[in-house]
Amino acid sequence: MRYVSTRGSAPHVGFVDAVLGGLAPDGGLYVPQTWPKFSATEIAGFAGKPYAEVAAKVIGAFADGEIAAADLREMCHEAYSTFTHSAVVPLVQLAPEVFLAELFHGPSLAFKDVAMQILARLYDHLLGGQGRTQTILCATSGDTGGAAVEAFRGRKNVKVVALFPEGRISEVQRRFMTTATESNVACVAVRGSFDDCQAIVKAAFQDESLRQAVDLSGVNSINFARIAAQAVYYFTTAAALGAPQRKISFAVPSGNFGDAFAGYVAHRMGLPVERILVATNANDILAQTFETGRYVRGKVHPTMSPAMDIQSASNFERLYFEGVDREATDTARAFTAFAEAGAIDVPPKAYAAMRELFRGASASEDDTARAMVSTLNETGQLVDPHTAVALSALSRAKGLKGPVVVMSTAHPAKFPEAVAKACGVTPALPRGAADLAGRPERFDRLPAEADTIKAYVRAFSEG
Ligand SMILES: *Cc1c(COP(=O)(O)O)cnc(C)c1O
């Protein structure tokens, strides 16, 4: 299986290089040249199988022999044994046709663990095979950093530097990063905003000499392995509810569009999907796109669902590429224009193709709080603000038929202030994380200066 860039001018690569490379050298995103397919019998067979077994099958279809099947199975088993629920992604019923897929039973209590736990093992395995050590640099507005640190801590062939904006993330989010004791992890509180952190990461990646010296890599949601790993729970949840005989819909709290795009991927691989409802908070660029056909960047509004406070959904480029029948020149032109002007029109034919599967809806802060309260009142279930955005969007979406799986992307205890404010109940951290507040923290403080942080990364990587 070869991987091509959505912008068409990067060499085709195999799965291993697409994973270790992250972004394609022409600025595009990698997608497989053709979508692997599962038969109806294979999909029906996913029902009731251990999660790790389905993960090995789905990810294996993309790795296409580049990783030995036995190695991949072992990595999947290890990755998903870090989850505290034996079903890994259990379904909880909220109403006759509404189900929550709880994606938050991993070590950092957010859905990013599902992909990051396997990604870290893939990296370590592939780098070890090549005798390489890489340094992963990531900027986090909250959940990615914690998931990355939890997944990469103690790995032999990878070092991690996580940058977060000082004082702008929750204490629970910070502690998931800063309480790691392993020497391959460094956390940096940057005196600036998340945008400053991201700009510094970008500057580091553009510094060729640093890139070479520390073998710099990223694990943000454009990495194709993360998409492949996220397609897995679309299969397991749908099969549990009767797919492929029944068509299932999904409601997905969305920011960078990695999660919802993984649903599209599962659909292309043969899963019958009725609809994917892309749910956003006040940062509604994506919801608007699916309702109007225009992709327009706005100003970022801080909300109580901060993992979705995003105004440019990187993975949308992959869907656009499919929508224009993989016209890479058109895609490159559109996303260069978007970077410059902050707005593009989706061509009518591509928009029509997107509307066959996708709908968009957004939730205000009031809507989100109301959804947390009504869910608690009607079902006794506490949900986090990201999940509440999807539940609220779902309550307003018209014409969704049949069973709906709502992606529940964070444990309510990860956002205790917002939950307590809406519901009057402070959610408890699950066992295993209960002592988080008492663990010693370790992090450095640096100014938001690219040169200072680049020097820090170099010293940490070489030290
Ligand atoms: C990252 C994240 C999202 C958004 O997922 P995307 O793949 O970026 O669309 C939603 N909820 C939570 C809790 C997250 O951490």
Side-chain angles (χ1 to χ4, degrees), residues 29 89 100-117 119 138-151 164 169-170 172-173 176-177 194 198 219-234 250-266 276-281 283-287 289-290 300 303-319 358 360 362-363 368 371-372 383-393 406-416 418-419 427:
L29 282 70
V89 179
L100 285 183
E102 293 187 343
L103 297 165
F104 54 70
H105 292 282
S108 78
L109 309 183
F111 105 98
K112 303 227 168 28
D113 289 327
V114 178
M116 208 68 89
Q117 284 293 326
L119 188 69
C138 72
T140 183
S141 60
D143 289 337
T144 304
V149 167
E150 282 292 343
F164 63 90
I169 64 175
S170 81
V172 177
Q173 287 179 319
F176 273 118
M177 285 183 271
F194 172 61
Q198 267 195 313
V219 289
N220 54 14
S221 77
I222 52 98
N223 194 302
F224 190 77
R226 283 182 60 176
I227 305 288
Q230 287 166 190
V232 176
Y233 48 75
Y234 285 86
F250 297 91
V252 190
S254 295
N256 230 334
F257 196 56
D259 196 356
F261 184 74
Y264 171 85
V265 169
I276 298 176
L277 177 66
V278 175
T280 59
N281 61 27
N283 300 286
D284 63 351
I285 173 170
L286 268 176
T289 303
F290 291 115
V300 176
T303 70
M304 64 175 125
S305 47
M308 312 196 298
D309 292 349
I310 289 177
Q311 283 286 350
S312 102
S314 316
N315 281 291
F316 183 65
E317 181 168 336
R318 287 187 161 117
L319 186 68
F358 288 98
S362 61
T368 306
M372 284 193 272
V383 294
D384 99 289
H386 301 79
T387 308
V389 164
L391 286 166
S392 173
V406 178
M407 295 305 177
S408 183
T409 49
H411 191 289
K414 202 147 186 197
F415 300 93
V419 175

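Only a predicted model underlies this, so the values are computations on that prediction, with no experimental measurement involved. One-based numbering along the sequence shown. First listed ligand is number 1; within each ligand, the first listed atom is number 1.
Side-chain contact, N315 with R318: a donor N or O sits under 3.5 Å from an acceptor N or O. Side-chain polar atoms of N283 and D309 form a donor-acceptor pair below 3.5 angstrom.
The atoms of ligand 1 that sit less than 4.0 Å from any heavy atom of G258 are 6 (P), 7 (O), 9 (O). Close approach of ligand 1 to P253 (heavy-atom distance below 4.0 Å) involves ligand atoms 4 (C), 10 (C). Taking every heavy atom of A307 and a limit of under 4.0 angstrom, the matching atoms of ligand 1 come to 2 (C), 12 (C), 14 (C), 15 (O). In summary, the atoms of ligand 1 found under 4.0 Å from a heavy atom of N256, numbered by their order in the structure, are 6 (P), 8 (O), 9 (O). Close approach of ligand 1 to A410 (heavy-atom distance below 4.0 Å) involves ligand atoms 13 (C). Distances below 4.0 Å separate heavy atoms of F257 from the following atoms of ligand 1: 6 (P), 8 (O), 9 (O). Within ligand 1, the atoms closer than 4.0 Å to a non-hydrogen atom of F111 are 1 (C), 2 (C), 3 (C), 5 (O), 7 (O), 14 (C), numbered from 1 in the order shown. Atoms of ligand 1 found under 4.0 Å from any heavy atom of D143 (numbered from 1 in listed order, with element): 13 (C), 14 (C), 15 (O).
By the 3.5 Å distance cut-off applied to N or O atoms, Q230 is not counted among the residues near ligand 1. For a threshold of 3.5 Å applied to N or O pairs, the pair formed by A110 and ligand 1 contains no separation below that value. Between F415 and ligand 1, a contact under 3.5 Å exists for no N or O pair. Taking distance alone, with nitrogen or oxygen atoms compared against 3.5 Å, S254 stays at or beyond that limit from ligand 1.
Nearest to atom 2 (C) of ligand 1 among the protein's heavy atoms is K112 NZ, 2.5 Å. For atom 11 (N) of ligand 1, the nearest protein heavy atom (residue, atom name, distance) is T409 OG1, 2.8 Å. From the protein, the heavy atom lying nearest to atom 9 (O) of ligand 1 is G255 N, 2.8 Å.
Aromatic ring centroids of F164 and F176 lie 6.0 Å or more apart.
Here the side chains of N281 and T368 are not in contact, with every heavy-atom distance at 4.5 Å or above. For the pair M372/P412, no side-chain contact is recorded, criterion being any heavy-atom separation below 4.5 Å from C-beta on. Within the 4.5 Å cutoff, the side chain of D143 has heavy atoms near those of the K414 side chain.
Judged purely by atom type and a 3.5 angstrom limit, S254 uses its side chain to pair as donor or acceptor with the backbone of V252.
When the options F257, F261, F250 are evaluated for a ring pair (Phe, Tyr, Trp, His ring centres under 6.0 Å) with F358, the one that passes is F257.
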